[in-house]
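Here is the structure we will look at, set down as structure tokens.
Fair warning: this is a prediction, and the values are worked out from it, not measured in the lab.
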Amino acid sequence: GAYQSGSRIALLVFPLFIFATVYTKTTLNTRQKFLYLCGFLVLVSTPLLVFNNKFSNRIQDGFNDIEKYKSVQNINKETLSKNNNYNTSMGLRFVMWSEAMKIIKTDNNWIFGIGRSNFMPTMIKLHSEGKVVDEIRATPHPHSEYFNSFVEFGIFGLVSLLLIYLFPLLFYCNKRYLQHKDEAVKFAARSGIILSSGYTIAGIFDCYFWIVSLVNFYILTNVIFMSLILSKTAKLKE
């Protein structure tokens with residue numbers, strides 16, 4: 001599924017899933033874990049670096065996007081209009097993140113933000129004043145969960161988002177669960193780490209909490225894993 005989608009975010013988080021699976025496997029010693037991870041990295045990187053395929057092309061596109069964006073010196077309307085090198089998948093993200101930072105720094109927006117779903121109206125307003133480029137005038141969010149939370153709800157929104165990511169992750173990383181004698185508890189802890197860390201990293205490049213089904217999936221799956229861990233450990237104590 002990751003390969004067919006051609007998503008660079010899928011390529012970014014997939015090795016993390018393997019790492020979490022191998023690292024938390026208590027039946028392997030440290031040397032075995034190291035060898036497994038090295039073998040996996042070779043297995044994944046070789047076809048990406050040696051052969052021409054969908055993923056390798058997407059990776060090269062990403063590096064090309066960054067190189068093109070570097071040629072744009074000053075992020076302003078005049079410079080960007082003259083140099084179309086910003087108009088790429090990564091380039092436009094950098095432009096949106098730059099605009100998000102400008103909004104955050106304006107007045108007291110860093111404290112309380114500009115309000116829910118107000119990023120697009122703000123971009124439309126700035127575009128009408130000639131301050132942002134055409135391509136981002138109607139974007140609903142800055143394509144980063146972190147920037148979006150900061151822009152919409154200020155520092156309180158950013159801290160809340162970090163807690164949404166980190167609280168479950170810290171819960172699952174408890175050695176008592178990862179090394180528990182019950183296989184269901186260990187499974188839920190390992191899977192929870194994969195779920196939370198995957199969302200944490202993917203959120204750097206897009207706003208998955210804008211998609212209702214992905215919000216529900218994150219919440220319900222965490223509830224299931226946590227409930228399984230707590231109920232099983234409580235039952236075993238009895």
Side-chain angles (χ1 to χ4, degrees), residues 1-63 144-146 161-206 208-209 211 213-237:
Y3 179 81
Q4 288 298 327
S5 71
S7 168
R8 285 185 292 244
I9 293 178
L11 182 64
L12 183 67
V13 299
F14 186 69
L16 174 72
F17 296 167
I18 301 299
F19 176 81
T21 303
V22 174
Y23 183 76
T24 57
K25 195 71 173 174
T26 54
T27 55
L28 301 176
N29 59 41
T30 303
R31 182 174 176 275
Q32 288 175 318
K33 290 178 180 179
F34 178 75
L35 291 175
Y36 269 109
L37 291 172
C38 288
F40 170 75
L41 290 175
V42 171
L43 188 66
V44 170
S45 60
T46 300
L48 294 178
L49 298 175
V50 177
F51 303 107
N52 186 31
N53 54 69
K54 185 184 295 186
F55 263 160
S56 63
N57 292 336
R58 289 288 288 160
I59 292 172
Q60 189 57 50
D61 288 343
F63 285 120
S144 169
E145 206 74 71
Y146 301 92
L161 177 70
L162 292 175
L163 290 175
I164 289 172
Y165 286 144
L166 296 179
F167 174 77
L169 187 59
L170 293 174
F171 175 85
Y172 298 126
C173 285
N174 190 323
K175 285 186 178 181
R176 187 158 56 94
Y177 302 142
L178 290 173
Q179 299 176 4
H180 202 278
K181 62 182 180 180
D182 187 89
E183 287 297 324
V185 173
K186 289 193 290 188
F187 165 80
R190 287 197 296 265
S191 301
I193 290 173
I194 290 174
L195 174 70
S196 301
S197 57
Y199 267 79
T200 302
I201 292 178
I204 298 172
F205 298 101
D206 220 327
Y208 289 94
F209 288 150
I211 305 171
S213 59
L214 292 183
V215 175
N216 293 338
F217 177 78
Y218 184 76
I219 294 172
L220 292 176
T221 310
N222 269 318
V223 168
I224 291 170
F225 288 150
M226 289 182 177
S227 299
L228 191 153
I229 290 171
L230 294 174
S231 62
K232 289 284 285 186
T233 52
K235 185 176 180 181
L236 290 171
K237 277 183 181 180

Aromatic contact, Tyr146 with Tyr165 (centres under 6.0 Å): yes
From OH (Tyr36) to CG (Leu41), nearest 0.5 Å: 14.5 Å
Interatomic spacing from CD in Gln179 to CG in Asn174 - rounded to 0.5 Å: 9.5 Å
Pairwise distance CD1(Ile193) to CG(Leu170) - rounded to 0.5 angstrom: 10.0 Å
Non-hydrogen atoms of Tyr177 and Phe171 that approach each other most closely: CD1-O, 3.5 Å
Value rounded to 0.5 Å, distance of CD1 in Ile201 from OG in Ser196: 11.5 Å
Where Asp61 and Arg8 come nearest, the two heavy atoms and their spacing: CB-NH1, 3.8 Å
Donor-acceptor pair, side chain of Ser144 and main chain of Ile204, under 3.5 angstrom: yes
Distance in Å, Ser191 OG paired with Ile229 CD1, rounded so as to fall on 0.5 Å steps: 9.0 Å
Full working for side chain to side chain contact (heavy atoms under 4.5 Å, CB included) between Ile194 and Tyr172: CA-CA 10 Å; Ile194 290 174; Tyr172 298 126; over 6 Å; no
Taking every non-hydrogen atom, the tightest pair across Ala184 and Lys232: CB-CE, 4.1 Å
Reported OH-to-CD1 distance for the pair Tyr208 and Ile9, which is rounded to 0.5 angstrom: 3.0 Å
Geometric class of the Phe209/Tyr199 ring pair [parallel <30°, tilted 30-60°, perpendicular >60°]: parallel
Shortest non-hydrogen contact from Leu228 toward Ala188: CD2-CB, 4.0 Å
